Engineer: 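Structure provided below as structure tokens; questions to follow.
Atoms within each ligand, like the ligands themselves, are counted from 1 in listed order. Predicted model only: the values in this text are computed from it and were never measured. All values below were derived from every heavy atom in this structure, side-chain atoms included, with hydrogens, water molecules and symmetry-related copies excluded.
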Amino acid sequence: TPFETLILERHGQVMLIRLNRPEALNALNSTVLTELIAVLSACQTDPEVRAVVLTGSEKAFAAGADVKEMQALDFTTIYRQDFLAGWSEVAGFRKPIIAAVSGFALGGGAELAMMCDFIIASPTAKFGQPEITLGIIPGMGGTQRLIRAVGKAKAMDLCLTGRMMDAEEAERAGLVARIVQPEKLLEEALAAAGKIASFSQPAVLMAKEAISSAAEQTLAEGLRFERRLFQSLFATEDQKEGMAAFIEKRKPAFKDR
Ligand code: HXC
């Protein structure tokens, strides 16, 4: 692998991306960002990649932005370079991306997990926004995505106290989609991604786009957008194939057309 901070593994049509800075609990420095953007951009254009799983180590998904890298920064520098703006490219990835979280997902690590489409967690997962303990606040979406995932009460609690939330609390609150046993974490995330990869890609992309748009518009606009996407899928061969296969009691053969 040509990357310093990532390990890539192809599993059929799924790309597994492992954050790999064990010496820093996968803290997110500028190299991680640059490499992650490069990999996702390649996944975006590679027709053989139909879904992505993003994971860390057993001990940490990612323990935050790299404090050692941030320490010396000053306001005018980070304002002029629009520090952290690059992460919007990760959030804008169009294919499905699942976060498989074990251990710490703190600060920027929690924010990165929330940029993914959904989170599958090991019981060891710990989520938190400890920025307040460093004299700062979340800067990669923590105050915005967390409130949408768990509501105001827990978002305030986590961001103001800096405490961690375990996997069970996170699942109860709606941040985590599923909790699976540690030894099954990757297997289940890869299986979910593989399942998604087997469906008609236009339908998959539109489902993601419609759900992702919900946070950005009113309910009326969102419903209209969903309905238009839904209607447009009736222009595809895959809609005909999917429905014919159901009625003929056979497996569909999707062609992404
Ligand atoms: C840089 C980090 C790091 C981080 C851990 N390390 N987190 N380095 N940035 N965010 C390093 C430690 O310095 C240490 O290096 C090594 O990883 C192992 O960590 P330990 O602390 O020894 O491990 P442990 O005692 O198990 O404690 C785990 C931990 C703790 C509770 C997760 O590491 C921790 O509190 N980390 C910081 C969490 C945090 O504040 N994250 C938010 C960052 S701000 P050495 O060299 O000493 O062995 C943020 C802003 C986001 O994310 C918004 C915009 C970016």
Engineer: Which one of I132, D66, N29 has a non-hydrogen atom at the shortest distance from atom 1 (C) of ligand 1?
Structural biologist: D66
Engineer: Are R228 and E226 within salt-bridge range, i.e. N to O under 4.0 Å?
Structural biologist: no
Engineer: Give the atoms of ligand 1, by number and element, whose distance to some non-hydrogen atom of M140 is under 4.0 Å.
Structural biologist: 55 (C)
Engineer: Which part of P130 is near ligand 1, with near meaning a heavy atom under 4.0 Å away: side chain, backbone, both or neither?
Structural biologist: side chain
Engineer: Under 4.0 Å and counting heavy atoms only, is there anything from the protein next to atom 41 (N) of ligand 1?
Structural biologist: yes
Engineer: Below 3.5 Å, N or O to N or O, backbone or side chain included: is there any such pair between A27 and ligand 1?
Structural biologist: no
Engineer: I would like to know whether S213 and E216 meet side chain to side chain donor-acceptor pair (under 3.5 Å); could you show each step before the answer?
Structural biologist: CA-CA 5 Å; S213 81; E216 287 156 22; over 6 Å; no
Engineer: May I ask you to decide whether R163 forms a salt bridge with D157, counting only side-chain N to carboxylate O separations under 4.0 Å?
Structural biologist: yes
Engineer: Does any N/O atom on K59 come nearer than 3.5 Å to any N/O atom on ligand 1?
Structural biologist: yes
Engineer: What protein heavy atom sits nearest atom 12 (C) of ligand 1, and how far off is it?
Structural biologist: K68 NZ, 4.1 Å
Engineer: Quick one: does M70 get an N or O within less than 3.5 Å of an N or O on ligand 1?
Structural biologist: no
Engineer: Give the atoms of ligand 1, by number and element, whose distance to some non-hydrogen atom of G108 is under 4.0 Å.
Structural biologist: 49 (C), 51 (C), 52 (O)
Engineer: Going by heavy atoms in the side chains, are V52 and I98 under 4.5 Å from each other?
Structural biologist: no
Engineer: To which protein heavy atom is atom 20 (P) of ligand 1 closest, and what is the distance rounded to 0.1 Å?
Structural biologist: L25 CD1, 4.4 Å
Engineer: I'd like to check which ligand 1 atoms, numbered from 1 as shown, lie under 4.0 Å from a non-hydrogen atom of G107.
Structural biologist: 52 (O)
Engineer: Quick check on contacts: which atoms of ligand 1 are under 4.0 angstrom from a heavy atom of E111?
Structural biologist: 51 (C), 53 (C)
Engineer: How about E131 and Q129: does a side-chain donor come under 3.5 Å of a side-chain acceptor?
Structural biologist: yes
Engineer: Return yes when at least one protein heavy atom is under 4.0 Å from atom 10 (N) of ligand 1, and no when none is.
Structural biologist: yes
Engineer: When you measure from the side chain of S212 to the backbone of K208, do you find a donor-acceptor pair of N or O atoms at a distance under 3.5 Å?
Structural biologist: yes
Engineer: Tell me whether L6 is reachable from V53 by hopping between hydrophobic residues (I, L, V, M, F, W, Y) whose side-chain heavy atoms are closer than 4.5 Å.
Structural biologist: no
Engineer: Under 4.0 Å from atom 22 (O) of ligand 1, is there any protein heavy atom?
Structural biologist: no
Engineer: Could you see which bit of L134 sits under 4.0 Å from ligand 1, with heavy atoms only: side chain, backbone, both or neither?
Structural biologist: side chain
Engineer: List the closest protein heavy-atom neighbour of atom 55 (C) of ligand 1: residue, atom name, distance to the nearest 0.1 Å.
Structural biologist: A65 CB, 3.2 Å
Engineer: Treat each ILVMFWY residue as a node, draw an edge where side-chain heavy atoms are under 4.5 Å apart, and state whether W87 and F61 are in one component.
Structural biologist: yes
Engineer: Look at atom 35 (O) of ligand 1 and say which protein heavy atom is nearest, naming residue and atom and giving the distance to 0.1 Å.
Structural biologist: L106 CD1, 4.8 Å
Engineer: Between E23 and ligand 1, find which residue part has any heavy-atom pair under 4.0 Å and reply side chain, backbone, both or neither.
Structural biologist: backbone
Engineer: Would you say I137 and ligand 1 have an N/O pair spaced under 3.5 Å apart?
Structural biologist: no
Engineer: After noting the C-alpha distance and the side-chain angles of E4 and T31, does the key distance pass the side chain to side chain donor-acceptor pair (under 3.5 Å) rule?
Structural biologist: CA-CA 8 Å; E4 189 187 313; T31 309; 4.5 Å; no
Engineer: Does the side chain of T124 pick up a donor-acceptor pair with the side chain of E58 at under 3.5 Å?
Structural biologist: no
Engineer: For atom 54 (C) of ligand 1, which protein heavy atom lies nearest, and how many Å away is it?
Structural biologist: L84 CD1, 3.1 Å
Engineer: Do V32 and L106 share a hydrophobic cluster, counting only Ile, Leu, Val, Met, Phe, Trp and Tyr and linking them when any side-chain heavy atoms are less than 4.5 Å apart?
Structural biologist: no
Engineer: Please check atom 51 (C) of ligand 1 for a protein heavy-atom neighbour under 4.0 Å.
Structural biologist: yes
Engineer: Where does T133 meet ligand 1, judged by heavy-atom distances below 4.0 Å: at the side chain, the backbone, both, or neither?
Structural biologist: neither
Engineer: The test is ring pair (Phe, Tyr, Trp, His ring centres under 6.0 Å); show your working for Y79 and F83 and say whether it passes.
Structural biologist: CA-CA 6 Å; Y79 178 67; F83 183 60; over 10 Å; no
Engineer: Return the closest protein heavy atom for atom 6 (N) of ligand 1 as residue, atom name and distance.
Structural biologist: A24 O, 3.7 Å
Engineer: Please determine whether the number of non-hydrogen atoms from other residues, nucleotides or ligands lying under 6.0 Å from atom CD of Q71 exceeds 12.
Structural biologist: no
Engineer: Between T218 and E221, is any side-chain donor less than 3.5 angstrom from a side-chain acceptor?
Structural biologist: yes
Engineer: Once you restrict to heavy atoms under 4.0 Å, what part of A63 touches ligand 1? Side chain, backbone, both or neither.
Structural biologist: both
Engineer: Around atom 53 (C) of ligand 1, find the nearest protein heavy atom and jot down its residue, atom name and distance.
Structural biologist: G139 N, 3.1 Å
Engineer: Take atom 33 (O) of ligand 1 and look for protein heavy atoms under 4.0 Å from it; say yes if you find one, no if not.
Structural biologist: yes
Engineer: Under a 4.0 Å N-O cut-off, is there an ion pair linking E188 with R178?
Structural biologist: yes
